[in-house]
Amino acid sequence: MEKETYISDFNRDSIHTILLNNKEDEIEELFKMALNTRQEHCGSYINLRGIIEYSNICKKDCYYCGIRKDNGYVKRYQLTEDEVIASAYQALENGLGSIVIQSGEQSSKEFILTIDRLIQKIKKLSNNKLGITLSCGEQSEETYRRWFESGAHRYLLRIETSNEALYKKLHPDNLHHSYFARKNALEAIKKTGYQTGSGVMIGVPFQTPEHLAEDLLFLRDFDVDMVGMGPYVEEQNTPLYLYSAGLPSLQQRFVLSMKMIALLRLMMPNINIAASTALDAVNKEGRFEALKAGANVLMPNLTPAKHMQNYSLYNGKTRLSDNCQSLLNEAARFASSAGDKLRFNQWGDSRHYLLRTNKHEEVLK
Ligand code: SAH
């Protein structure tokens with residue numbers, strides 16, 4: 001396939017064609033082009049964030065998710081403030097310049113104030129050295145603003161799918177799970193001033209390659225600064241598990257996810273793209289492979305070991321309780337084979353965001 005086919009003209013049809021193309025040499029070529037594009041536009045390094053899974057308590061009932069409210073098999077937990085602080089220190093000790101605080105969705109006053117306090121404490125204890133990304137679901141504009149003013153500067157809210165009809169099949173049909181509310185929340189995040197991240201699940205029941213092509217166009221048209229997307233991995237105690245038989249194999253979902261990452265890199269050369277954890281549920285070096293196909297962010301898990309297994313979004317996630325240091329060593333080895341280095345002690349902001357907000361001098365750093 002000619003380079004121009006990829007670069008010049010991304011539309012529903014051309015993306016669809018590439019997603020369906022299974023010629024191995026052409027897929028390899030796509031990955032190589034994505035790696036080159038990432039190195040040219042974002043540099044030859046991998047940004048690091050330590051992810052802290054704050055709580056698996058969730059008010060939502062998404063049909064695919066292992067920590068949905070109605071899943072009675074989950075042992076619910078919420079980290080104490082001291083546990084979060086200890087994880088933040090661990091990030092500093094390991095040279096991770098940023099953390100992500102992710103959580104099941106809650107909207108109580110207490111939750112909002114606790115997250116707020118944690119942001120302020122972490123900024124203070126690290127002398128502003130740790131960047132903070134939040135991934136705590138749909139909140140009011142006021143809450144997004146409060147957390148932003150306290151020092152969080154990136155927010156990830158996956159749209160999950162950009163197709164409203166498909167969204168309805170993956171979620172209960174009620175006000176709590178509205179496609180438009182989610183999209184509005186994403187807009188509010190951007191308006192507040194965050195580096196704004198979104199993403200989708202790849203290979204969910206009822207999803208077609210056309211949906212995935214539309215997802216990439218959605219992310220481009222929304223002008224996101226960062227993306228986390230990865231394969232759907234079925235989880236036993238969820239309603240969607242009933243539809244597992246008709247799914248593409250896990251390996252097929254993995255390749256599809258890699259292609260989505262590579263394509264998005266070509267479409268949006270200077271955004272941050274995470275090598276999402278779900279890639280490892282399919283292939284134990286999945287995340288590293290994604291770093292060679294356009295991704296540029298790796299997120300070692302810093303959730304305290306005793307709780308990690310309870311943040312069970314999907315089957316097989318628990319066996320990923322990797323030790324941060326050994327993950328970093330492995331990642332460094334992989335990265336160097338592609339001419340990349342891990343980037344320690346830096347926030348690792350999205351260049352796309354810096355340019356879109358006219359912070360050109362920061363880009364040169
Ligand atoms: N409450 C937060 C965080 C949700 S969990 C929010 O709404 O943003 C983080 C992500 O895990 C979700 O956005 C979803 O895309 C992903 N996820 C959930 N269940 C999954 C599954 N079975 N397979 C793969 N990814 C899943």
Side-chain angles (χ1 to χ4, degrees), residues 49 51-71 74 76 78 100-107 111-112 115 133-139 143-144 147 152 154-162 166-167 170-171 176-179 181-186 188-189 194 196-205 207 212 215 219 224 226-244 247-248 250 253-254 256-257 260 274-282 286-287 299 301 303 308 310-318 320:
R49 288 103 178 73
I51 181 159
I52 304 170
E53 293 156 339
Y54 173 65
S55 175
N56 64 359
I57 299 171
C58 192
K59 67 176 191 188
K60 290 213 170 169
D61 248 334
C62 310
Y63 291 152
Y64 44 84
C65 184
I67 63 167
R68 64 197 298 271
K69 174 164 78 63
D70 279 357
N71 184 358
V74 176
R76 303 288 166 173
Q78 181 146 305
V100 180
I101 300 178
Q102 189 174 88
S103 180
E105 199 169 301
Q106 301 180 43
S107 52
F111 178 83
I112 292 163
I115 296 291
T133 306
L134 296 178
S135 174
C136 297
E138 289 164 50
Q139 303 288 342
T143 301
Y144 287 142
W147 291 344
R154 297 190 281 246
Y155 205 106
L156 175 70
L157 184 80
R158 288 185 176 183
I159 191 75
E160 313 296 0
T161 171
S162 63
L166 179 57
Y167 194 94
L170 303 178
H171 301 89
H176 243 37
H177 300 81
S178 141
Y179 173 76
R182 197 145 182 100
K183 208 165 147 219
N184 285 342
L186 202 52
I189 289 165
Y194 287 98
T196 304
S198 194
V200 294
M201 281 178 299
I202 297 159
V204 285
Q207 188 182 47
L212 290 171
D215 287 339
L219 294 168
V224 290
M226 25 184 239
V227 165
M229 58 181 173
Y232 162 72
V233 184
E234 57 273 41
E235 162 64 31
Q236 221 145 3
N237 301 307
T238 59
L240 272 197
Y241 194 71
L242 291 175
Y243 298 88
S244 303
L247 288 175
L250 268 179
R253 278 176 259 166
F254 175 77
L256 207 49
S257 303
M260 289 281 286
S276 81
T277 313
L279 292 161
D280 278 19
V282 183
R287 276 189 286 180
M299 304 191 291
N301 195 327
T303 308
M308 212 185 256
N310 296 319
Y311 200 76
S312 46
L313 303 173
Y314 46 81
N315 271 356
K317 185 170 177 295
T318 51
L320 306 170

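All ligand and atom numbering here is 1-based and tracks the order in the structure.
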| message | Checking side-chain polar atoms at under 3.5 Å, does Y232 have a donor or acceptor matched by the opposite partner on Q207? | response | no
| query | Taking side chain as C-beta onward, heavy atoms only, is I115 less than 4.5 Å from I101? | reply | yes
| task | Decide yes or no for L170 and E160: does some side-chain heavy atom of the first lie under 4.5 Å from some side-chain heavy atom of the second? | result | no
| Which protein heavy atom lies closest to atom 23 (N) of ligand 1, and at what distance to 0.1 Å? | V233 N, 3.0 Å
| message | Within the 4.0 Å heavy-atom shell around R158, which atoms of ligand 1 are there? | response | 13 (O), 14 (C), 15 (O), 16 (C)
| task | Using distance alone, decide if ligand 1 has a nitrogen or oxygen within less than 3.5 Å of any nitrogen or oxygen in R182. | result | yes
| Is the closest heavy-atom distance from Q102 to ligand 1 below 4.0 Å? | yes
| request: Would you please determine whether Y241 falls within less than 4.0 Å of ligand 1 on a heavy-atom basis? | output: no
| query | Looking at ligand 1, does any of its N/O atoms fall within less than 3.5 Å of an N/O of Y232? | reply | no
| note | heavy-atom search around atom 3 (C) of ligand 1 in the protein gives S103 O, 3.5 Å
| field | Protein residue, atom and distance nearest to atom 15 (O) of ligand 1, heavy-atom basis | value | E160 OE1, 2.6 Å
| field | Side-chain donor-acceptor contact under 3.5 Å, Q78 with Y54 | value | yes
| note | For atom 11 (O) of ligand 1, the closest protein heavy atom turns out to be L313 CD1, 3.5 Å
| said: Please check whether E234 reaches ligand 1 - meaning an N/O of the residue sits under 3.5 Å from an N/O of the ligand, judged on distance alone. | reply: no
| Nearest-contact summary for atom 19 (N) of ligand 1 - protein heavy atom, Å | Y64 CD1, 3.5 Å
| task | Please say whether more than 12 non-hydrogen atoms of neighbouring residues, nucleotides or ligands are located less than 6.0 Å from OH in Y167. | result | yes
| Do M260 and V200 come within less than 4.5 Å of each other through their side chains, counting heavy atoms only? | yes
| note | If you scan protein heavy atoms around atom 20 (C) of ligand 1, the nearest is M201 SD, 3.9 Å
| Counting N and O atoms only, with roles assigned by atom type, does the side chain of S257 sit under 3.5 Å from a partner on the main chain of I202, one being a donor and the other an acceptor? | no
| request: Kindly confirm or rule out an N or O of Y311 lying under 3.5 angstrom from an N or O of ligand 1. | output: no
| query | For G228, is the nearest heavy atom under 4.0 Å from an atom of ligand 1? | reply | no
| remark: Of S312, A278, P231, G230, the residue with the heavy atom nearest atom 24 (C) of ligand 1 is P231
| said: Can you classify the ring geometry of W147 versus Y144 as parallel (below 30°), tilted (30 to 60°) or perpendicular (above 60°)? | reply: perpendicular
| field | Contact check, side chains of Q139 and Y155, non-hydrogen atoms, under 4.5 Å | value | yes
| Within a strict 4.5 Å, meaning less than it, do heavy atoms of the E234 and R253 side chains meet? | yes
